[in-house]
2 protein chains.
Amino acid sequence: MKAGRKRRRRRDSAATRQALFAAGATAFAARGFDGAGVDEIAAAAGVNKAMLYYHFKSKRGLYTAVLADMFSAVADRVAPLATAPGDPAASLEAFVDALADACRERPHFPAIWLRELADEGRHLDASVVPIVRGILDTLAGLLARGRREGRFREVHPLLVQFGIIGPLLVYLGSAPARRRLLADAPQLAAIDDEMAFAHVKVATLATVLADPAGDTQ
Amino acid sequence: MKAGRKRRRRRDSAATRQALFAAGATAFAARGFDGAGVDEIAAAAGVNKAMLYYHFKSKRGLYTAVLADMFSAVADRVAPLATAPGDPAASLEAFVDALADACRERPHFPAIWLRELADEGRHLDASVVPIVRGILDTLAGLLARGRREGRFREVHPLLVQFGIIGPLLVYLGSAPARRRLLADAPQLAAIDDEMAFAHVKVATLATVLADPAGDTQ
DNA sequence: GTCTATAAATAGATAGAC
DNA sequence: GTCTATCTATTTATAGAC
């Protein structure tokens, strides 16, 4: 009975933390770090505001937890691709899929990343920086492998990175804005997710694949 | 003398307004609508805070003025491209250049647009919506022309739009963040603007150009 | 048109009871 | 672990003198 009570308490605590996390992620995506208020976050989570400070220490602490979860998810997925066997082009497509999957599981992901890019890293905790950096290093490794194997041209990793996340984040992150702006043009607003991902892959491969003729420049 | 005084007063007033506009654009780009404070904006402009309300009515009024200037500049530049004579592919590259030029003249442009995309249109005044819409319509017209002439495949205008502005805004808008995150890897951080624009053009054309063989699917 | 002073509201954060 | 009540700082905005 004592143990039972303990277990229940622990589960409730984890549920509270999880509710705050989810509400925070949603609020930060929709309104940004400065726009989201701790009052609304707590209200949306259905818990008291003081709980936010108990579980995450501060508004910034909650934000950092959301960011770490986001970027870790991507980093874990893409890590194997830098040294994976097989066609580098397939690995590059898998890199796009990994990003797309992480975004699908976390609807708050694209908007938060878009804001973070514009934010001069002001809200980016030092603990998250290496994670983001790891993602870029993985892509650079993948591109180097493709080049060693003669499949890829020499391209700047950041340009490839931006060529992928740019359209992806803008497409997924602007969905709410699109619904407002294009409410009167449904045929314009209608896009299929898979079509968008395929588009990104075509565009990306076109910039990195070596000329079939064989010259690398 | 009376006229002279009048003229001088008018010029000073315009200068005040212009200083507020510039300071506001910079602050909104760096910190977002909610993150930027009217106090800092006025201080950065070197004028009194009350002047902001006199000239722009509210913080939101200033923000709307900045947005209208941004999107009007793009809309004006691209407008002729929908019906321009000549190769549609060249027009599409000119579309990219028009965006790039507007960003070059307005360093605040990319970051503000990035934030706006994530913002569910919350800070987008109704007067600005048709301007943004016009840009998209121009691109749709350009793509339709290219398809009529057999040069382009059938592609969703929004995908092309996102394929262009995504990398472009992310590349240009993340410059401050990049300087922070990649301070220790200058060879990674070093990108030439022209290289980035060329990259975007290659990626875009690859997704819209019809197969040279002639089949449109 | 420009400034000073201040109102009015809201923000993030904490102390302490339970 | 959770809630109530509150503190303090900051924010947008305005009234009124010059």
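Per chain, numbering begins at 1; letters A, B, ... match sequence-line order.
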Rounded to the Å, how far apart are [X] [atom1] and [N] [atom2]?
X       : N      : atom1 : atom2 : result
B/Leu52 : D/dT14 : CG    : P     : 11 Å
B/Glu40 : D/dT11 : CD    : C1'   : 11 Å
A/Asp34 : D/dT11 : CG    : C1'   : 12 Å
B/Ile41 : D/dT10 : CD1   : C1'   : 15 Å
A/Arg17 : D/dT2  : CZ    : C1'   : 16 Å

Exercise for the section: Establish, with yes or no, whether the OP1 or OP2 oxygen of C/dT2 is under 4.0 angstrom from a side-chain nitrogen or oxygen of B/Thr16. Expected result: yes
Handout entry: B/Tyr53 vs D/dT14: side-chain N/O to OP1/OP2 distance below 4.0 Å
Key = no
Practice task
Give A/Ala36 one of three labels, base, sugar-phosphate or nothing, depending on what nucleic acid heavy atoms sit under 4.0 Å from its own.
Solution key: sugar-phosphate
Exercise for the section: Kindly indicate whether a cation-pi arrangement holds for A/Arg115 with A/Phe28, taking the cut-offs as under 6.0 Å to the six-membered ring centre and within 45° of the axis. Expected result: no
Exercise for the section: Mark yes or no: B/Arg60 above the aromatic ring of B/Phe33, with NZ or CZ under 6.0 Å from the six-membered ring centre and no more than 45 degrees from the axis. Expected result: no
Exercise for the section: Identify, between B/Phe33 and A/Tyr54, the residue whose nearest nucleotide on DNA chain D lies closer to the 5' end. Expected result: A/Tyr54
Exercise for the section: Measure from the side-chain N and O atoms of B/Arg145 to the backbone N and O of B/Ala84, and report whether any donor-acceptor pair falls under 3.5 Å. Expected result: yes
Practice task
Return yes if some donor-acceptor pair links the side-chain N/O of B/Thr207 with the main-chain N/O of B/Thr204 below 3.5 Å, else return no.
Solution key: yes
Protein-nucleotides 3-7 of chain D N/O pairs under 3.5 Å:
unit_1, atom_1, unit_2, atom_2, d
D/dC3, OP2, A/Asn48, N, 3.3
D/dT4, OP2, A/Asn48, ND2, 3.3

Problem - Residue pair A/His199, B/His156: steps toward the side-chain contact (heavy atoms from CB on, under 4.5 Å) verdict - result: CA-CA 10 Å; A/His199 187 99; B/His156 197 298; over 6 Å; no
Practice task
Just say parallel, tilted or perpendicular for the rings of B/Tyr171 and A/Phe162, cut-offs at 30° and 60°.
Solution key: tilted
Problem - Options D/dT2, C/dA13, D/dA13, nucleotide nearest the side-chain atoms of B/Ser58 - result: D/dA13
